[in-house]
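Just below is one structure, and these are the notes that go with it.
As the structure lists them, so they are numbered: ligands from 1, and atoms in each ligand from 1. Quick caveat: nothing in here was measured; it's all calculated off a predicted structure.
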Amino acid sequence: MTQPLSRDPEDALSPDDSADTSDASGEVVRCDACPVLCRIRKGQAGACDRYANEDGKLVRLDPLLLLQRRVDAGGAVVPFLEPGKPWDGRLISASNTFVTGVGATTTYPDYKPAPFIVASKAEGVDVVTVVTEGIFSYCGLKLKIDTDRFLGPERAAVRAAGEQVGHVTTAEYGSQMLALGGVRHLTGGSKKEGSVTCEAMLKLANREPVDLAIDGGASLRVQAGAAPIVNGEQELRMRVGCGSATIGIFAKQWLGHADEVIVVDDHITGVLTEHQAGRFLCMRPAGIRVRGRRSTPGRYFKVAEPGQGWGGTDITDPLAIIDRIDPKTAWPGLRLLMVSTTGEDAEFFVLDAALKPVRAPMPAPLRAVVERIAENCEPALTSVLFMGGAGGSLRAGVTENPVRLTRSVRELVTRVTCGGAPVYVWPGGGITLMVDVLRMPERSFGYVPTPALVLPIEFTLPIAAYREMGGHIDSAVDLETVLREGRWRAEGWRDGNPWPVTTK
Ligand code: SF4
């Protein structure tokens, strides 16, 4: 169960905008990394648990994360920082070491240069990576939940700990989608709604499980990269396709073993002999008419209500979707297979003398195709994508002329990454990005109790372009300076993520 954020800013601070309330003894230091401006007593952490007063000094509790390639672009093994050990002064290849925004600290207000502006070389060209932990009040998560089961009506409220934290949005192919967070839930409701929303987003972004309940729908346990649990049952398979697609894939394999196959699906139910696939195979019409609205031959919409039954419908007896059997077309002994889009549910019938379907043992060739449907289903997972707008004041930490950063991103001169992970930048104004949290380092996200999420973000570009855009070039440092002066830890580069420090 998601609980509201446990730390209230007032637990750790006495906000005082009028003066720098750090005292000379260091008993209290003021953190100015976000608008909360915590005054932190010695030995304590600030409201977000990211900063602390260590012996009178303000420190970021998580060290800066460096990611290293073991092998460079030419295939040579490169020197590597040893995890958990301080830098021994050996030459470390800046071309193979990426300084991420994880643990980088935040600057506030934004006009101050970003915490790290790191110079390096890529393919002989001088480049910089501007690194920060951005505070995102405008952000949300998109959850893709691989299941056919009905989770709730479109636009229904999604709740955590009783608070609305998002809504059900349009379903995608084989997946139900939720939109969580967003500035309205963070700032537009009660304080509790904001903090519960922030907590649910933080946990999901950091790959923790979260329990959600959907008004008029299911209860869920979701976690990035894990199978969703719907009403207490773990979802196993993502469907092979809609009912029509399933017919298209397997029609030939059913030929000769069944006279009719109906693939039950909440969206598009397929009927083999009417479907183009059956016609191409010259199958004899079976005269079995299913309920719902006929879209095109062999493709039916709304054969039942959505639910937890066969193919995401509410039916548990497949015969319930048969509207009528035409005596002029059907015949006694007709072999009918009914199957769901995951192969989880399947039954075999033979029409008796009165053309009534009678359950019968499924012949082995049909059983094999049902099993093949299941085999062709991918494992059901929950995917969590963070979406946020970096087009606001965060840009001022990069350049004095923020619109030039936006243009540079759009012109693909500046590469944007989050903890080294590639992002998708939406077209149109601003820098509105999406990133898969599973491609980021673990526990990349933080929060501040304004409430907002904290996201590591890096901008990498040639130094000439950085100078031209009015970047804070005087604040650029080399990797050795970062290693010498900062608290850091090193991890290996994540396979599958493109190396971002490149001029191509
Ligand atoms: S909430 Fe965190 S970042 Fe903000 S002032 Fe307090 S300690 Fe600093």
- prompt: Does Arg484 have any side-chain contact (heavy atoms from CB on, under 4.5 Å) partners at least two apart in sequence or in another chain, and if so, which?
  reply: Trp87, Glu480, Thr481
message: Show the atoms of ligand 1 that are less than 4.0 angstrom away from any heavy atom in Pro449.
response: 1 (S)
message: Please determine whether Cys38 has a backbone or side-chain N, O or S atom lying under 2.8 Å from atom 2 (Fe) of ligand 1.
response: no
query: Which atoms of ligand 1 have any heavy atom of Gly46 under 4.0 Å away?
result: 7 (S)
Greater than 12 external heavy atoms within 6.0 Å of Tyr173's OH: yes
field: Ring-face cation contact, Tyr466 with Arg404, 6.0 Å cut, 45° max
entry: no
- prompt: Can you list the steps and then say if Arg443 with Glu491 is a salt bridge (charged side-chain N to carboxylate O under 4.0 Å, His left out)?
  reply: CA-CA 13 Å; Arg443 308 201 66 76; Glu491 283 182 9; over 6 Å; no
- request: Run the numbers for me: atoms of ligand 1, each under 4.0 Å from some heavy atom of Leu37, listed by number.
  value: 5 (S)
- prompt: Of all the atoms in ligand 1, which lie at a distance below 4.0 Å from a heavy atom belonging to Arg50?
  reply: 3 (S)
message: Between Gln176 and Thr147, do the side chains contain a donor N or O and an acceptor N or O under 3.5 Å apart?
response: no
- prompt: How about Cys48: does one of its N, O or S atoms come closer than 2.8 Å to atom 8 (Fe) of ligand 1?
  reply: no
- request: Within a distance under 4.0 Å of any heavy atom of Tyr51, pick out the atoms of ligand 1 and give their elements.
  value: 3 (S), 7 (S), 8 (Fe)
message: Checking Glu468 now: which residues fulfil side-chain hydrogen bond (donor to acceptor under 3.5 Å, both in side chains) with it, not counting sequence neighbours?
response: none
